[in-house]
Every structure is written in structure tokens, then in C-alpha cells.
Amino acid sequence: MPANFIQDLIDEHARTGRFGGRVVTRFPPEPNGYLHIGHAKSICLNFGLAAANGGACNLRFDDTNPTTEELEYVRAIEEDVRWLGFDWGERLYYASNYFEQMYQYAVALIRKGKAYVCDLSAEEIGEYRGSFTVPGRDSPWRNRGVEENLELFARMRAGEFPDGAKTLRAKIDMASPNLNLRDPVMYRILHARHHRTADAWCIYPMYDWAHGLEDSIERVTHSICTLEFENHRPLYDWFLDELGVHHPQQIEFARLNLSYTLMSKRKLLELVRRGVVAGWDDPRMPTISGLRRRGYTPEAIREFCARIGVAKADSVVDVAQLEHAIREDLNRRAARVMAVLRPLRVVIENYPEDRSEELEAINNPEDPSAGVRRVPFSRVLYVEREDFREDPPKQFFRLAPGREVRLRYAYFVRCVGVTKDPHSGEVTELRCTYDPATRGGDAPDQRRVKATLHWVSAAHALRGEVRLYDSLFTRADPEEVDAGRDFLDDVNPRSVEVLRDCRLEPSLAAASPGSRFQFERLGYFCVDADSRLGAPVFNRTVTLRDTWAKIERRQVGR
RNA sequence: UGGGCGGUCGCCAAGUGGUAAGGCACCGGUCUUUGGAACCGGUAUCGAAGGUUCGAAUCCUUCCCGCCCAGCCA
């Protein structure tokens with residue numbers, strides 16, 4: 001892992017002997033949604049720091065709010081962390097396992113006169129809190145006696161009061177410039193069934209009270225969290241110091257933001273619930289499961305996280321950075337294969353009708369050990385529609401009337417005719433001739449062609465479905481919404497395009513779900529879970545860099 | 001507005017008083033049976049202004065800008 005300010009701090013702690021040289025971190029997700037790429041940054045950081053310093057990293061579910069948390073989410077989170085390549089061993093914990101301990105800590109605070117039961121309503125608490133510029137006022141219940149508080153708190157736990165009737169609050173300072181210190185709520189009454197503790201509790205600890213205790217109980221040394229909790233650190237410090245328990249060092253870093261991507265769990269949930277996407281693992285989602293289904297590898301995600309660094313400045317990483325990481329990984333590892341997404345029929349007029357042959361193709365030019373395969377060639381082929389232009393613009397090197405190009409690993413062919421639909425005028429077929437002397441793709445006379453096209457033999461081709469993805473949002477920052485509009489208004493209407501009549505080279509017949517390929521000249525694709533034998537479905541993970549597209553965009557632009 | 005935290009190339013990000021790393025993106029070029037990959041080259045004086053110093057992105061002062069906080073969410 002590259003150096004960062006957190007590692008510097010750990011180094012300093014090692015020098016000064018704080019924590020006795022121990023390093024224990026934790027990844028503490030709330031099981032109220034699926035993990036996304038932003039969580040991956042945190043996972044890589046926490047597990048990475050632990051590994052780099054001979055420490056350990058806990059996986060702890062922060063399940064203090066039973067109204068939003070579910071078992072499905074804990075299962076998905078475990079799967080995603082494991083898939084990313086991290087192992088928590090026996091260190092799997094739940095905040096809910098500490099509820100009794102937390103309750104006892106709260107009693108201890110009451111005994112010290114540092115916490116009290118408050119009868120104010122939620123609304124009243126808000127009013128008493130004051131504002132940035134106006135100090136808060138003490139709750140009328142702030143000076144209840146210790147015994148009364150103890151009894152009331154016990155009765156809260158016993159279920160004697162309805163939801164919202166009372167809270168337990170820390171007695172700190174209603175005039176503090178830090179609003180988190182204005183007698184924050186520690187416990188609320190919630191008669192809700194918890195996915196792990198069932199009906200054992202009807203009071204649940206607030207995050208601010210619970211989180212620091214969880215870290216303390218687990219003897220965590222470095223509690224790494226995001227920037228917005230910086231304001232809360234003085235409160236955690238207060239709780240831990242009043243209790244006199246193990247006191248981890250909290251360190252805040254900037255969460256990951258990605259251009260054209262939403263990272264808010266609430267909004268991702270809404271996309272799922274409204275059916276804007278097909279589920280948490282929709283390949284357009286920035287979730288780990290979505291990226292996995294899209295064809296991303298854990299290696300690429302980890303490399304991405306390593307490269308973006310860790311710092312305290314708010315930032316938005318260009319999504320091109322993520323795409324670069326997966327291209328780089330797949331370029332090295334993915335087998336090359338030929339697939340025609342939008343088929344255009346080609347007849348090689350001088351190639352015998354009854355003949356076909358097999359040509360040798362390299363599986364991966366980046367990896368000689370991947371070997372070679374044979375692809376069938378015959379008189380009728382398919383090429384990509386966009387590889388032919390009747391009236392080619394400047395710098396378009398591909399097929400056009402009269403022009404010669406190379407069919408990859410096969411022959412040079414020249415376009416000698418174009419067949420069109422008499423009504424629509426649409427090109428329906430290309431008539432070509434081939435040069436038998438160029439078998440394999442080299443001309444003995446050293447003549448050159450400016451383009452090499454991918455192709456597939458019509459008679460041997462497999463049919464398949466290919467799903468092309470584009471970004472889910474049209475706006476670089478989907479969190480920013482124009483007045484009177486909704487973030488859903490910025491969903492890209494063309495975020496997915498399904499092509500159902502694609503032709504694939506026959507070697508793809510055996511491809512199993514999850515396997516990844518480079519479709520030559522097009523991009524990286526991954527077999528989707530919807531695939532069935534004889535009816536393969538591919539997701540486009542990412543396109544190849546496309547210089548021609550860039551040139552064309554420039555031409556159209558001016 | 002009170003408090004907290006930040007501002008180094010278009011986007012990330014090193015740098016911790018000695019004369020601005022790297023990655024992505026972009027622009028050129030080499031090579032090429034993927035207009036892919038690879039390779040070569042190009043692009044900043046550090047939010048601003050003062051000051052300290054032989055020397056400052058790094059120290060001091062003032063100012064400007066951005067983000068976070070007024071849930072019985074996390």
C-alpha cells in the first residue's frame with residue numbers, strides 16, 4: 001500500500017509505543033444496503049493497513065437500528081468483502097452482541113451523574129438544542145436524581161414506555177459550539193424486532209454512543225472513518241474518558257466520490273425499489289455486486305483503490321480512472337475472441353461455396369502461454385456494420401466500396417459490390433473478393449492495408465445477446481440536483497442497450513457465467529448469470545480505448 | 001452566522017525549509033495482423049496578499065474559497 005497520512009500516524013504510534021505496537025482496525029458496515037465502490041476504498045484501507053503492519057482487521061456489523069437492517073444485507077456484505085479478497089478469520093462481530101455491555105456502561109454514566117433520562121419529545125429536543133449561533137437550553141429533566149434516572153432507565157428497558165416517550169441523554173454542555181456535545185441522545189425507545197436479538201431489547205443505542213464503545217470493546221487501536229465524523233470525535237473521546245476504558249485513535253479520511261456515480265446508500269436503495277435498475281447487482285450499479293456482475297475483477301478494484309490514494313481533501317475521482325484499472329487488468333488476462341455485435345453479411349464471391357477452413361488465432365498477445373485456437377472461415381461471413389461506410393469520411397480506414405482490408409487471422413478482402421434493400425436503401429450485404437495468397441493475414445508482396453477487421457463465419461457462428469452499458473447518470477455529479485427536480489431525472493435513458501442478434505465465434509459455446517473475454521476491437525465482456533446453454537448473454541464491462549471514435553467525434557464536433 | 005476540516009496540473013495525489021514525484025485524462029510521435037496493448041515526448045511555482053529566511057508549497061499574519069454539523073439515522 002502506498003504511504004499515506006494514516007500510515008504515518010501508525011508509524012508514529014509504533015515509535016512512541018502507544019498501543020504497545022499493536023494495530024487493530026475494523027470495517028464496520030451497517031447492514032442496511034449493499035456495499036459499493038466507496039466501501040471498497042475503506043475495506044482496502046482497513047484490511048490493507050492491518051496487513052501492512054502485522055495487525056488484524058475485524059469485520060463488524062454496526063446493527064444498532066433494527067428498523068433499517070436486514071439479514072440479506074449481512075450475507076451480501078460478507079460475500080462482497082470475501083470476493084474482494086479479504087479475510088477476517090474469526091474476527092466477525094456484531095454491535096448487537098455488545099448491547100448488554102453498553103447498557104451497563106450507560107448505567108455507570110448515570111451513576112456518575114453524567115447521563116439522565118429525558119422526557120422531552122423529539123421535536124422539543126430539537127428546539128432546546130439551539131442553533132449554530134444560539135446556545136441550547138437545559139432540558140427540564142436534566143437534573144433528575146441518580147436513583148430516579150436508574151429506575152426510569154430500567155423501566156425503559158423493561159418496555160414500560162412507548163416509542164419516543166423518553167430518551168437517555170449524556171449530560172455534557174448545552175452551550176457547546178459543537179452541537180454534538182449538547183446533551184446527545186444515547187438511547188431511544190424502539191419497539192422493533194432486531195434481526196439478531198429479536199425482541200430482547202426495546203431500547204437501542206444511538207450510533208454516537210455505540211460506535212466508540214464497539215471499537216473500545218474490540219480493543220481496536222485505529223478507528224478509521226470518513227470526514228463527517230470529525231465533528232463527533234470530541235464526543236467519543238468524552239464517553240471513553242468518562243468510562244475510563246480502552247481509547248482507540250479515530251482518524252478521518254475523505255470518502256470516495258466518483259464522477260457520474262451515486263454513492264448514497266439511500267438513493268441506491270431507491271433505484272432498486274423503484275425498479276430503475278434490476279437490483280443491487282445490476283451491472284450499472286456502483287455496488288461491489290454490480291461491478292462483479294459487470295465483469296470487474298477484485299484485482300482491478302484493489303489496484304484502483306491503491307492508486308487513488310488516501311487523504312483528507314474532499315475529492316471526486318474521474319470514473320475513467322476505474323475504467324483504466326479494469327482495462328489494464330483484463331488486457332493482461334482476458335482471452336481474445338471475435339464477436340460481431342451488429343452483423344452485416346459479407347459474401348466472398350471467389351471463395352467456393354462448399355468449402356470452409358480453420359485458421360489459427362492467438363488467444364492473448366499479452367500472454368504467449370494462453371496459446372492459440374482455430375476459427376472457422378467460409379464464403380459467407382459477418383462483419384460489424386460500423387466497419388463499412390459507403391461514403392467513408394476522411395481517416396476512416398475500414399471497408400468501403402473498392403477498398404481492401406484484412407480480416408483478422410484470415411485474408412485480405414476487397415469490397416466489390418453493395419446490395420441494398422430496394423425500399424429502405426439500407427445496405428443488406430457486401431460482395432467481396434479475397435486474395436488466397438494472403439492466408440493468415442500477410443501479403444507475400446508486402447502490400448499493406450490500413451485496417452484489420454474482426455469477423456465471424458455465418459455458418460459456424462453462435463447467436464447470443466450482448467448488453468452494452470453506459471453510465472447510469474448523465475450528470476457528472478448526480479448528487480447535485482436542480483431546483484424542483486429529482487436525482488431520478490438525471491438517470492441516463494440510454495444506460496443500457498440490449499443487442500439480441502449478435503454472432504459469436506464458436507469457441508464461446510462453452511463459456512461459463514462469470515468468465516471474461518476481450519471481443520477484439522470492441523471491449524471486455526463477461527458472461528452474465530442470465531446465460532443459458534445455447535443462449536449466451538454477455539455484459540460489456542468496458543470498451544477498448546477507441547481512437548477512431550475520438551477522431552470521429554472531433555470531425556462531427558466541427 | 002458559531003464550531004470543525006480542507007485548498008499542489010483538467011481529475012486524483014506525493015512533498016514536512018533547499019529550489020514541484022507519480023497515476024488518470026488530454027495532445028504529439030514510434031510500433032502494430034486489435035485505430036487495442038506497448039514505447040517515447042509534451043503540459044503546474046503550489047487559493048490570494050504580505051512577512052520571516054541566503055533560500056518557503058513547506059514557518060508567521062491577514063484575507064478568499066469549498067466541505068461537514070442544528071436525526072430519538074449511521
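The model shown is predicted, which means the values in this text are computed figures rather than measured ones. Order of the sequence lines fixes the chain letters, A, B, ..., with proteins taken first and strands second; residue numbering starts at 1 for each chain.
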Q) Should B:rG71 be called syn or anti, with syn set as within 90° of 0? A) syn

Q: Check the distance between B:rC73's P and A:Lys265's NZ and give it to me in whole angstrom.
A: 16 Å

Q.
Between A:Arg255 and A:Glu228, does any side-chain N to carboxylate O distance fall below 4.0 Å?
A. yes

Q. Picking from B:rC69, B:rC68, B:rC67, which would you name as closest to the side chain of A:Phe132?
A. B:rC69

Q.
If you compare every side-chain N and O of A:Lys312 against the phosphate oxygens of B:rC67 (OP1, OP2), does one of them come in below 4.0 Å?
A. no

Q.
I need the CG-P distance between A:Asn257 and B:rG66, as an integer number of Å.
A. 17 Å

Q) Under 4.0 Å between a side-chain N/O of A:Arg60 and OP1 or OP2 of B:rA74, yes or no? A) no

Q. A:Asn231 has an atom CG; how far is it from atom P of B:rG2, in whole Å?
A. 15 Å

Q | By salt bridge (Lys or Arg N to Asp or Glu O under 4.0 Å) - contacts of A:Asp8 (at least two apart) | A | none

Q: Calculate the interatomic distance between A:Leu453 atom CG and B:rG35 atom P; express it in whole Å.
A: 8 Å

(Q) Just to be sure I understand the rule, does A:Ile551 reach a base, reach only the sugar-phosphate, or reach nothing, if contact means heavy atoms closer than 4.0 Å? (A) base

Q) Of all the choices, B:rC72, B:rC26, B:rC24, which nucleotide is nearest to the side chain of A:Ala320 once you look at every atom? A) B:rC24

Q. B:rG36, B:rG35, B:rC73: which one has an atom nearest the side-chain heavy atoms of A:Pro365?
A. B:rG36

Q. Between B:rC73 and A:Arg188, is there an OP1 or OP2 to side-chain N/O distance shorter than 4.0 Å?
A. yes

Q. How is A:Arg129 classified with respect to the nucleic acid when contacts are heavy atoms under 4.0 Å: base, sugar-phosphate, or nothing?
A. sugar-phosphate

Q: Using only side-chain N and O atoms of A:Thr547, determine if any of them is under 4.0 Å from OP1 or OP2 of B:rG36.
A: yes

Q | Side-chain heavy atoms of A:Ile288 within contact of A:Val81, under 4.5 Å | A | no

**Q.** Integer-rounded Å distance: B:rG35 C1' and A:His454 NE2
**A.** 13 Å

Q) In whole angstrom, what separates A:Glu69's CD from B:rC73's P? A) 11 Å

Q) Rounding to a whole Å, what distance do you find between A:His211:NE2 and B:rC73:C1'? A) 14 Å

(Q) Under 6.0 Å between ring centres: does that hold for A:Tyr103 and A:Phe153? (A) yes

Q) Which of these passes side-chain contact (heavy atoms from CB on, under 4.5 Å) with A:Leu453: A:Arg521, A:Arg406, A:Arg408? A) A:Arg521

Q: Could you check which of B:rA13, B:rC73, B:rG3 has an atom nearest any side-chain atom of A:Pro177?
A: B:rG3

**Q.** Whole-Å distance separating the CG atom of A:Leu190 from the C1' atom of B:rG71
**A.** 13 Å

